[in-house]
Every structure is written in C-alpha cells, then in structure tokens.
2 protein chains.
Amino acid sequence: MTTAEVRQRILAANEAAAASLRERFRRDGTLVLNLISSPGSGKTSLLEAAVPRLGAALRIAALEGDVATENDARRLRARGIPAAQILTGGACHLDARQIEKALGQVEEDRLDVLFIENVGNLICPTSFDLGEDLKVALLSVTEGDDKPEKYPGIFSRAGATVLTKSDLLPHVRFDVHAVLDRIRVLNPEARVLLTSAVSGDGVEAFCDLVRQRLASKRAAVATA
Amino acid sequence: MTTAEVRQRILAANEAAAASLRERFRRDGTLVLNLISSPGSGKTSLLEAAVPRLGAALRIAALEGDVATENDARRLRARGIPAAQILTGGACHLDARQIEKALGQVEEDRLDVLFIENVGNLICPTSFDLGEDLKVALLSVTEGDDKPEKYPGIFSRAGATVLTKSDLLPHVRFDVHAVLDRIRVLNPEARVLLTSAVSGDGVEAFCDLVRQRLASKRAAVATA
C-alpha cells in the first residue's frame, strides 16, 4: 500500500465517522463550529469573550484539541460551560472519532452549540471533517496579511474567517482590505469579521453569526 | 501495512536522505539552520534583518518552504542572497529529499550558511530531520507564553528558541521569564534570544549565534 493509498484510507474512515456525527447533530439540532487557526491566534480567547454574551439561553459546550496540556478546557469551564480536552499526544489535527469519544464528557442533554477548537495548525486540520456545520478560520492581525494566499486550503474552505487581535492594528503592518480581497478570491461566500477579545470589538457580531446559523439549522431541520 | 508502519517507513526514508545531506554539509563546512515556527511568527523577517548584518564575508543561501506562493524567496533575494522556494502543495512540512533537490538552485559554490525556513507549522516539521546542525524554534510574543508547554516537541528539540516581535511586548500579555522557565524544563541546554526585526533588538545576538556555531563546526571538521 502506498502512502497516498494510506492517506486515502485514513480520510475515508474519517468521512464515515463524520457523516454519522453530522446525522446526530442534525437530529439534535446542535450547531457545530470547527475553529481552525495557527497556534496563539486566539481561539480560546474568542470563546471566552463570546460564551458569556451567548448567555444562559443556549446550552453550549466546547471540545478542545491540543498536543499537550488541559489549559484551554480549564479556561472555558471557568466561563461556566462544559469543556473537554482532547489530547492528541503529538498528532497535528483532530479527527471525527476523537469527537465521537469526547462528546460523552460534555453532553448532558442535547446541545444548542458545540464549539470544537482544533489543534493549533493552519494546514492539517483542514482535511478532516468533524461533522461540523461551519469551519471557522481565525487569523490574528499579528500573523500578517499574506496568510490567505500562503494557506489557501483553510481560507477557501472556511465559511467564516475571524480576524483577531484588532486592538493591535495600530502597532503592526496589516492591511485589512487586502485580506478581505484575498479571502474573497478564494471563497466569495465567506463571512469575514474583525474582532478583539481584549476590547470586545466584533465579539457581538461573532455571536450574531452563531445565533443566525443556529436559527437557520433549526429552520432547515423543521422543514425537512 | 498499518498507518503506524507507513509513518515509520516514511521517517526511515527521510533519515537516510538526511544522513546523506548531513555528510555533504560536513564535508563542505556548511552550517545549516532549520527554522520552525507557527505561520507568521517572523521567520522571513528575522532572516531579512540578519542577512545584511552577517554580511558579504559569508556565503549565505536560503530554502523557503511554503504550501503556496513564492513570496518568501523573493523577499530574501531582495536582500542579495540566493533563495529557492520549495512549494509543498498542501504538505505540512519539508523533508530531506526536497532539500536535496532544491540545493542545486542556490549552491553555486560551497556555502557557509544555509537557512532552511520550514513550512509554518509548530508540529509536523519537528519530526523530519533535514540534515541541519540546529533546529531553531521561533515564537512571537503575540502567540502567548503558554506555547512551550502546549507544543513540547519542538521546544525540547530546538537548540535555540528565538522570541520575536519584542517591540509588541508593551501591548500584549507575555511573561518572558515564564517562557524561559518553561523552555528550560524541556531543554536545559537551549539558547533563548529575545528579538525584534522591527527595532533590530537582539538581531546581532542571533547573528553571533550563527557565527559561533559556524566557527565550532569548522573547528570540529578540522580536528576530525
């Protein structure tokens, strides 16, 4: 068996598990967001800022992928939501079977929203479907405005891109309009939001996106 | 053949190619640095700042790994050194055979220093030996001081860690001493430098590290 064949087999096994997760999330009316970014782009900080605003009206949980440490799950539990850490022990992405396994730790009842924070990596997580409704790419303004061109895989597949750390814009060279243009070329339908977990700017817009996508999913399930 | 066996076979093939590269670099007295970091940590910016200081006395070249675009090689050629782009077309790391192939594009004569800028990824490049003398990890102060604990693989293997974007320290929460402690736990021998390609702080210290390592390698080869 060649390397390419092994890769095909791994992806096919993942697709099967992801399809079963997607059916389960459809049945439960759970909106699932798969957050993908470089290390340190601010995935956990965005969720820390958004969770209190999304409020007690929604049942929210988070699954946190990391190579090592329980830090991120701890940070989100401190915001009052169930959160489980998935430690990959060196692996560079989450896969659907890890999500299946970890769900039991956060799902007391049917969830409204499940946030999956993937391993910090702009490349490998892109190929692995986790049964999500939406891949959300995060890009911090400190990483440079050339990143959509350099990592086209994620920016063409993400239904939304969240630009983070906008409070640092006065201190770095980052052309927001150039990034919008570059993302539009790759993915004309993608939503792009400019946010700062420090100042709170744009966090409400992210919450609105979550609420809208949840309402659309519920409406689609109701009419199916 | 299982996935684990395929991975073993891939790594073994890479080891053989890396050993042959290492012998070639030893014979030529070329110091090779393999730069590994998240996307946007400032690998190219560090080299842009360092190359003019290392000066015309040294024959320097760079190999630039990226998923897409020739941007980085162009930026370094503008600094007057030969630089070749290695496009991985989606793959998340460089391997030794790609280095072997690309060397012909930058090696007119024996090189003193070869910088290899790996694909922006803190995980996958860690396992692939490129025949280098030193893995250099970069961590920008905007990524957070928790990263050595979250990505122990690279920080335990890197002989040097370059903290970048120190000019942004007044605007972010980043505890330099905590990072030093965390790296020391993983790798007591590692050198850690604090730098800014914008202000130039610490760039000379990085150049000194390069000069010292080159002198040590030449001395070791001479007495062998």
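Letters A, B, ... are given to chains in the order of the sequence lines, protein chains preceding strands, and every chain is numbered from 1. Side-chain atoms are counted along with the backbone in the values below, which use heavy atoms only and exclude waters and symmetry mates.
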SG on B:Cys92 to NE2 on A:His93, rounded to 0.5 Å: 10.0 Å

Side chain, backbone, both or neither of B:Cys124 within contact of chain A (heavy atoms, under 4.5 Å): side chain

Sort A:Lys147 into side chain, backbone, both or neither according to what part of it lies under 4.5 angstrom from a heavy atom of chain B. side chain

Name the member of B:Ser41, B:Ser38, B:Ala91 that forms the most heavy-atom pairs with chain A at distances under 4.5 Å. B:Ser38

Count the heavy atoms belonging to other residues, nucleotides or ligands that lie under 6.0 Å from CZ of A:Arg97, then report whether that count exceeds 12. no

Portion of A:Val172 that has a non-hydrogen atom of chain B nearer than 4.5 angstrom: side chain

Flag side-chain contact, heavy atom, 4.5 Å: A:Thr69 against B:Pro152: no

Would you check if the side chain of B:Lys165 reaches a backbone N or O of A:Thr142 as a donor-acceptor pair within less than 3.5 Å? yes

Residue A:Pro39 versus chain B: region with a heavy atom under 4.5 Å: both

Atom CZ of B:Arg7: over 12 foreign heavy atoms under 6.0 Å: no

Closest non-hydrogen atoms of A:Asp72 and B:Lys150, given as atom of the first, atom of the second and distance, are OD2-NZ, 2.6 Å

Please name all residues satisfying ring-ring contact (aromatic ring centres under 6.0 Å, His included) with A:Phe174, sequence neighbours left out, ordered by chain then number. none

Side chain proximity check, B:Asn121 to A:Leu122, heavy atoms < 4.5 angstrom: no

